[in-house]
Amino acid sequence: TYNLATGTRLEHPATTYTLNAATTYTRIGPLRLSGSGTLTLGADVTLIHLELTNGTVTGAAILTISATFDWTAGTLSGTGATLIPLGSVFNIGGASTKTLSRSVTNAGTTNWTDGNINAGLGAVFTNQNGGQLLITNDQFWTFNLGGAAAQIVNLAGGIITKSITG
């Protein structure tokens with residue numbers, strides 16, 4: 001169990017870490033994956049706040065974000081899924097290209113403000129009823145990783161908005 005107080009951060013920079021069923025995070029301090037680190041999901045895990053500034057999140061389990069996920073660089077991969085529930089926020093920003101080969105299900109708010117996304121290997125971004133995908137950039141979602149085509153699926157009641165100012 002990691003108890004991360006407000007204003008503190010747990011940093012995983014350059015090693016492989018596996019989160020299993022016994023791993024719990026409490027409070028709101030973020031877990032940050034940076035450098036060349038790999039975070040492997042060995043069991044379904046819920047994180048309050050994840051910062052992916054480089055490195056890889058992978059595995060066959062489900063990662064649920066209960067508050068905020070900030071993705072500025074790095075890779076989301078594996079056969080599992082990432083869930084952004086109602087009330088949670090997924091921020092995709094920073095100029096670095098991101099790599100997506102994992103399914104993401106959004107019922108909260110996803111803000112894509114910067115950075116290209118290279119996708120493939122069956123990655124599906126599903127915007128559920130009540131989910132919002134807000135795109136405020138002219139970057140690219142590119143199918144270039146091979147395998148099954150990457151998709152963005154907007155279900156009934158989901159909202160996708162693209163707007164550019166300037």
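On a predicted model such as this, the values are computed, not experimentally measured, just so you know. When a residue number appears, it is its place in the shown sequence, counting from 1.
The main-chain N or O of Ile62 is found under 3.5 Å from a side-chain atom of Asp44 such that the two form a donor-acceptor pair. A distance-only check finds no donor-acceptor pair linking the side chain of Lys162 to the backbone of Leu133 [under 3.5 Å]. Asn116 places a side-chain N or O within 3.5 Å of a backbone atom of Phe140 that can act as its donor or acceptor partner.
Interatomic distance, Ile48 CD1 to Phe69 CZ, rounded to the nearest 0.5 Å: 15.0 Å. Atom OG1 of Thr75 and atom CG of Leu39 lie 12.5 Å apart (nearest 0.5 Å). Atom-to-atom distance recorded for Leu76:CG and Thr82:OG1 is 5.0 Å, nearest 0.5 angstrom. Atoms OG and CG, from Ser96 and Asn54 in turn, are 7.0 Å apart once rounded to the nearest 0.5 Å. Distance check, rounded to the nearest 0.5 Å: CG of Asn106 to CD1 of Ile84 gives 6.5 Å.
Test Val57, Thr110, Asn91, Leu100 against Trp71 for side chain to side chain contact (heavy atoms under 4.5 Å, CB included) and you get one pass: Leu100. Here the rule is side chain to side chain contact (heavy atoms under 4.5 Å, CB included) with Gln128, and of Thr105, Asn154, Leu83 only Thr105 fits it.
Ring geometry, Trp112 versus Trp141: the interplanar angle exceeds 60°, so the pair is classed perpendicular (tilted spans 30 to 60°).
Ile160 and Ile92 fall within a single hydrophobic cluster, where Ile, Leu, Val, Met, Phe, Trp and Tyr are joined by side-chain heavy atoms under 4.5 Å apart, directly or via other members. Criterion: ILVMFWY side-chain heavy atoms under 4.5 Å apart, direct or through other members. Under it, Ile117 and Phe125 are part of a common hydrophobic cluster. When hydrophobic clusters are built by joining Ile, Leu, Val, Met, Phe, Trp and Tyr residues whose side-chain heavy atoms come closer than 4.5 Å, directly or via intermediates, Val104 is not grouped with Leu155.
At a threshold of 4.5 Å between non-hydrogen side-chain atoms, the residues Thr109 and Leu134 count as touching. Residues Asn127 and Gln132 have side chains not in contact (no heavy-atom distance under 4.5 Å, counting atoms from C-beta outward). Counting heavy atoms from C-beta outward, Ile65 and Phe90 have side chains that stay 4.5 Å or more apart. Looking at Thr68 and Ser88, their side chains never come closer than 4.5 Å, going by heavy atoms from C-beta outward. Annotation: side chain of Leu145 is in contact with side chain of Thr99 (closest heavy-atom distance under 4.5 Å). Taking the side chain as every heavy atom from C-beta outward, Leu50 and Leu63 approach each other to under 4.5 Å.
Contact detail for Ala73 and Thr53: the closest heavy-atom pair is CB-O, 3.2 Å. Residues Thr38 and Leu33 share a closest heavy-atom pair of N-CD1, 4.1 Å. Residues Leu41 and Arg102 approach most closely at CD1-NH2, 3.2 Å, considering heavy atoms. In terms of heavy-atom proximity, Ser101 sits nearest to Ala123 at CA-CB, 3.8 Å.
Contact check on Asp114 versus Lys98 returns no salt bridge, with no Lys/Arg side-chain nitrogen under 4.0 Å from an Asp/Glu carboxylate oxygen.
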Practice task
Mind running side chain to side chain contact (heavy atoms under 4.5 Å, CB included) on Leu52 and Thr72 for me, showing each step along the way?
Solution key: CA-CA 6 Å; Leu52 180 57; Thr72 56; over 6 Å; no

Exercise for the section: With side chain to side chain contact (heavy atoms under 4.5 Å, CB included) as the test, would you mind laying out the steps for Ser103 and Thr126 before giving the verdict? Expected result: CA-CA 8 Å; Ser103 291; Thr126 302; over 6 Å; no

Exercise for the section: Determine, step by step, whether Val153 and Val124 satisfy the side chain to side chain contact (heavy atoms under 4.5 Å, CB included) criterion, reporting the C-alpha distance in whole Å, the side-chain angles of both residues, the deciding distance to 0.1 Å, and the verdict. Expected result: CA-CA 7 Å; Val153 177; Val124 178; 3.9 Å; yes

Practice task
Take His49 and Val89, measure what side chain to side chain contact (heavy atoms under 4.5 Å, CB included) needs, and give me the verdict at the end.
Solution key: CA-CA 10 Å; His49 187 173; Val89 177; over 6 Å; no

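Using a 3.5 Å distance cut-off with no hydrogens or angles, the side chains of Thr46 and Ser66 do not pair a donor with an acceptor.
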